[in-house]
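See below for the structure under consideration.
Because the structure is predicted, anything quoted here is derived from the model rather than measured. Labels below follow one simple rule: chain letters A, B, ... track the order of the sequence lines, proteins then strands, and each chain is numbered from 1.
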2 protein chains.
Amino acid sequence: MSIAKPASISATAALSAAARSASGAATQASLRERNLALVLTQVASSESPTSRADVAALTGLTRSTVSRLVDELVAAALVDEGDPVTGGQRGRPAVPLRPASGTLVGLGLEVNVWHVAASVVDLRGQSVSNRIVEGDFVDSDPARVLAQLAQVGIACLEEARAALPQLSLAGVQLALPGLVDGATLLRAPNLGWHDLQPLPPIRQALAAAGWDPGGYLWTANEADCAALTVLQGSRHDDLLYVSGEVGIGSAAIVGGQVMTGRHGWAGELGHVCVNDGGPLCGCGSHGCLEVYAGRRAILEKAGVDSLDALVAALRSGDARALGAVESAGHALAIAVSAALNLLDLPRVVLGGHLAVVFDWLRPTLTSELNSRVLSAPFSPPEVSAVSLDPAPAAVGAALAVRQRVLAAPASWMPARG
Amino acid sequence: MSIAKPASISATAALSAAARSASGAATQASLRERNLALVLTQVASSESPTSRADVAALTGLTRSTVSRLVDELVAAALVDEGDPVTGGQRGRPAVPLRPASGTLVGLGLEVNVWHVAASVVDLRGQSVSNRIVEGDFVDSDPARVLAQLAQVGIACLEEARAALPQLSLAGVQLALPGLVDGATLLRAPNLGWHDLQPLPPIRQALAAAGWDPGGYLWTANEADCAALTVLQGSRHDDLLYVSGEVGIGSAAIVGGQVMTGRHGWAGELGHVCVNDGGPLCGCGSHGCLEVYAGRRAILEKAGVDSLDALVAALRSGDARALGAVESAGHALAIAVSAALNLLDLPRVVLGGHLAVVFDWLRPTLTSELNSRVLSAPFSPPEVSAVSLDPAPAAVGAALAVRQRVLAAPASWMPARG
DNA sequence: GCGATAAGTTCATTCGTATAACAAATCTCA
DNA sequence: TGAGATTTGTTATACGAATGAACTTATCGC
């Protein structure tokens with residue numbers, strides 16, 4: 001075959017620039033962007049305030065380069081300088097740096113089966129304001145729910161601005177309990193939603209209220225978002241987050257990044273088969289984990305009708321409740337061990353109702369994982385539960401916006417003149 | 001807390017340079033390296049020879065930059081220029097570029113249960129020479145086997161050099177059937193090996209024969225290597241490779257990269273539980289996939305003692321053989337659907353004995369995957385089998401060396417004066 | 001044989017980082 | 001109390017990689 005001739009490429013400057021950044025071409029601009037991100041991430045990931053010299057030592061950049069980059073980040077209000085600390089050390093006192101708080105924030109929005117929620121998080125990863133509205137959104141009307149959600153988000157932003165007048169919005173992420181592909185919600189069985197573009201109405205409502213997020217709106221799966229609440233800024237975290245909402249979802253975090261899979265459909269732990277001959281699941285298959293460890297399944301099997309009642313029954317040593325949790329733990333161990341054998345993750349973190357009953361799940365889960373996971377003899381998996389948050393996916397979605405800013409700060413910095 | 005003071009860092013030039021490249025600091029040198037890799041990868045991944053102008057259009061780099069980078073790659077003997085093709089097109093004829101063949105090659109080595117093997121692959125990804133030595137390496141002596149393997153590798157290299165006198169060795173990768181962590185083999189149950197540093201003896205034997213690989217030796221899991229033989233240069237491949245050797249291993253390829261997991265222990269599909277009450281597996285657990293679809297399990301259940309006999313029985317419609325493969329397919333579907341639900345992979349490729357019986361596995365496997373994988377209604381997974389290769393891991397290990405060269409060509413280019 | 005077209009090269013420019021020297025601010029020890 | 005040590009942060013210069021525009025080379029079409 002002769003040399004392939006690509007379809008004629010109109011060499012508009014804009015187009016070629018877009019092509020350049022889309023593909024992997026490294027330019028000096030991308031070099032600067034990467035180092036800005038490196039510096040900002042370093043500042044953000046450190047517990048204690050960090051000096052320019054510390055950043056230089058930790059990143060490998062020179063002091064002069066760090067100095068220039070930090071100056072730009074300060075000018076763009078992404079980093080705050082504190083007063084020089086003058087204690088103990090010899091030499092010129094260092095200027096402490098921290099991510100700016102009160103200037104740029106991320107908004108996380110969540111639609112779930114029993115609530116909608118919003119959360120505002122600043123660049124330090126701290127919650128500025130949170131709202132949650134309970135309701136029953138099974139088979140709900142998407143347009144109405146999204147409009148309501150946007151109002152909750154706006155209220156959350158207004159509350160934040162009341163405390164911090166200089167606030168501006170870095171972006172919005174929407175967490176949904178279903179299969180999300182790019183900006184499209186393909187299917188959310190528990191909501192009865194399918195084939196939907198949820199972002200445009202949200203964008204319009206926000207813009208109408210004076211909170212224009214520009215192009216910075218994203219959609220993601222609920223579990224993928226909630227998993228981010230577990231990452232405490234540590235950069236190289238690897239773990240499996242298991243979300244016990246109405247269904248059971250999960251998210252694998254590898255190297256601090258959520259593994260969303262090619263289409264963003266990864267993490268369907270709830271539909272891993274744990275018993276081939278088991279009961280029919282809503283997905284059409286048999287013996288899925290969800291049938292044994294889903295919220296409804298556990299409650300039914302325990303013979304109670306709320307999580308509070310379940311915990312009370314467990315505390316009183318009720319045999320039926322203990323049996324229900326026992327069998328849920330057994331099923332969970334089979335599915336989670338599949339995930340760990342496939343992905344080699346050292347940590348498992350449970351959320352939602354699985355966190356509520358964690359004390360009773362733990363014995364079965366840990367002992368079974370130790371026997372089922374091939375690498376357990378070398379490094380037994382750690383199992384833990386998150387502290388309870390009424391809407392972890394909203395917080396996680398806001399944290400995702402923060403992560404995007406940290407990873408590409410140049411997009412949120414004014415063009416240089 | 002006051003500003004943390006890092007332990008005093010001796011500012012040796014070498015040390016600081018190492019720190020700079022180890023962490024993510026982007027320098028102009030790394031920029032050049034990345035673009036060199038981009039150009040070389042582009043040249044290597046295209047089926048038909050590519051011109052400088054094509055590379056520029058495809059990567060987004062300018063023609064002048066590509067020209068300079070290509071010149072360097074040609075000078076370093078990583079890229080070959082062909083004669084200008086003067087057909088059809090108007091304008092100055094393009095100079096076709098291809099990865100150099102016959103200059104730099106990767107050596108792949110494999111120890112398996114019934115053979116050791118070596119393979120030499122050039123930068124085009126084409127096999128230059130292959131050797132395989134059958135034997136029984138169950139509970140073998142590592143030192144003796146590794147010495148034998150090194151001799152097989154040297155023979156393979158000598159054979160290659162006989163054809164291509166200017167040959168030099170880019171690196172060596174060793175594929176082992178077990179848990180590999182960095183350069184250490186933790187455990188290879190089928191070989192009876194454990195806690196071993198397999199690379200030093202190999203390096204010494206090669207160096208003694210005049211094939212010094214420098215520091216370029218690596219170790220990896222057998223399935224992770226074999227999976228690379230399935231990637232036909234396409235850059236953004238996502239798939240699950242299932243290796244049917246004595247055990248069953250697997251490797252998930254995401255974005256063209258093998259997902260090895262934090263310690264390199266990912267991909268233990270063979271020990272995913274498919275039937276909780278099932279027979280005991282060698283790993284100590286019950287009902288693992290390996291117990292139903294491992295080579296020995298299928299042969300025993302079919303009542304034959306070789307793969308050839310199994311195929312003959314299947315061809316003649318033997319009910320017992322058909323039943324054995326049917327139940328293997330059923331178990332395989334449960335484990336693979338777990339992997340697909342967790343990882344969102346669009347393709348499954350079977351190797352080893354699973355490829356041999358693929359025609360009989362396919363009906364069960366595809367229909368069950370379509371019902372068990374949650375995203376199947378949107379995009380049903382493709383299932384296929386590799387063409388048979390006696391030692392795919394050796395070839396894949398050699399391809400891994402090639403991949404490393406393509407991803408960081410600067411390391412194999414002479415320092416510029 | 002001339003113009004159009006495309007590939008490849010050359011050269012001045014731009015921009016981000018490195019290097020090295022310098023200024024600033026504090027502590028230590030005589 | 002003051003000189004030297006030490007560390008932080010800044011400034012000036014150099015270097016290197018990509019860019020963009022102009023140029024050369026080589027072919028095809030008419």
**Report entry** Pairwise 5' ranking along DNA chain C for Gly91(B) and Leu69(A), keeping only the more 5' one
**Finding:** Gly91(B)
Query raised in the report: Would Ser45(B) and Thr41(B) count as having a side-chain donor-acceptor pair, cut-off 3.5 Å?
Result: no
Query raised in the report: Ignoring hydrogens and angles, does a donor from either the side chain of Ser64(B) or the base of dG20(D) sit under 3.5 Å from an acceptor on the other?
Result: yes
Report task. Respond yes when some side-chain nitrogen or oxygen of Ser67(A) is under 4.0 Å from OP1 or OP2 of dG9(D), and no when none is. Result -> no
Please write out each protein N/O paired with an N/O of nucleotides 28-30 of chain C under 3.5 Å, distance rounded to 0.1 Å.
from    : atom 1 : to       : atom 2 : distance (Å)
dT28(C) : O4'    : Arg90(A) : NH1    : 3.1

Query raised in the report: Is the shortest distance from a Lys or Arg side-chain nitrogen in Arg262(B) or Asp238(A) to a carboxylate oxygen in the other one below 4.0 Å?
Result: yes
Report task. Would you please confirm or rule out a distance under 4.0 Å between OP1 or OP2 of dT9(C) and any side-chain N or O of Arg52(B)? Result -> yes
**Report entry** Spacing between Arg63(A) atom CZ and dT8(D) atom P, to the nearest angstrom
**Finding:** 7 Å
Report task. Look at the side chain of Ser51(A) and the backbone N and O of Asp54(A), then say whether any donor-acceptor pair between them is shorter than 3.5 Å. Result -> yes
Report task. Kindly point out which of dT8(D), dA18(C), dG8(C) is positioned nearest to the side chain of Arg92(B)? Result -> dG8(C)
Requested in this report: Dump the intermediate steps for side-chain hydrogen bond (donor to acceptor under 3.5 Å, both in side chains) on Gln166(B) and Arg161(B), then the final yes or no.
Outcome: CA-CA 7 Å; Gln166(B) 299 183 358; Arg161(B) 183 153 62 184; over 6 Å; no
Query - Minimum-distance nucleotide (side-chain atoms of Val95(A) versus dC15(D), dA26(D), dG9(D)) - result: dG9(D)
**Report entry** side-chain contact (heavy atoms from CB on, under 4.5 Å) partners of Thr65(A), counting only residues at least two apart
**Finding:** Leu61(A), Thr62(A), Arg68(A), Leu69(A)
Report summary line: To the nearest angstrom, the CG-C1' distance between Leu31(A) and dT19(D) comes to 15 Å
Query raised in the report: Relative to the 5' end of DNA chain C, which residue comes earlier, Glu33(A) or Pro84(A), by the nucleotide with the nearest heavy atom?
Result: Glu33(A)
Query raised in the report: Which nucleotide in the set dG8(C), dG16(C), dT8(D) lies at the smallest distance from any side-chain heavy atom of Gln28(A)?
Result: dG16(C)
Query raised in the report: Would you find more than 12 non-hydrogen atoms of other residues, nucleotides or ligands less than 6.0 Å from Arg404(B) atom CZ?
Result: yes
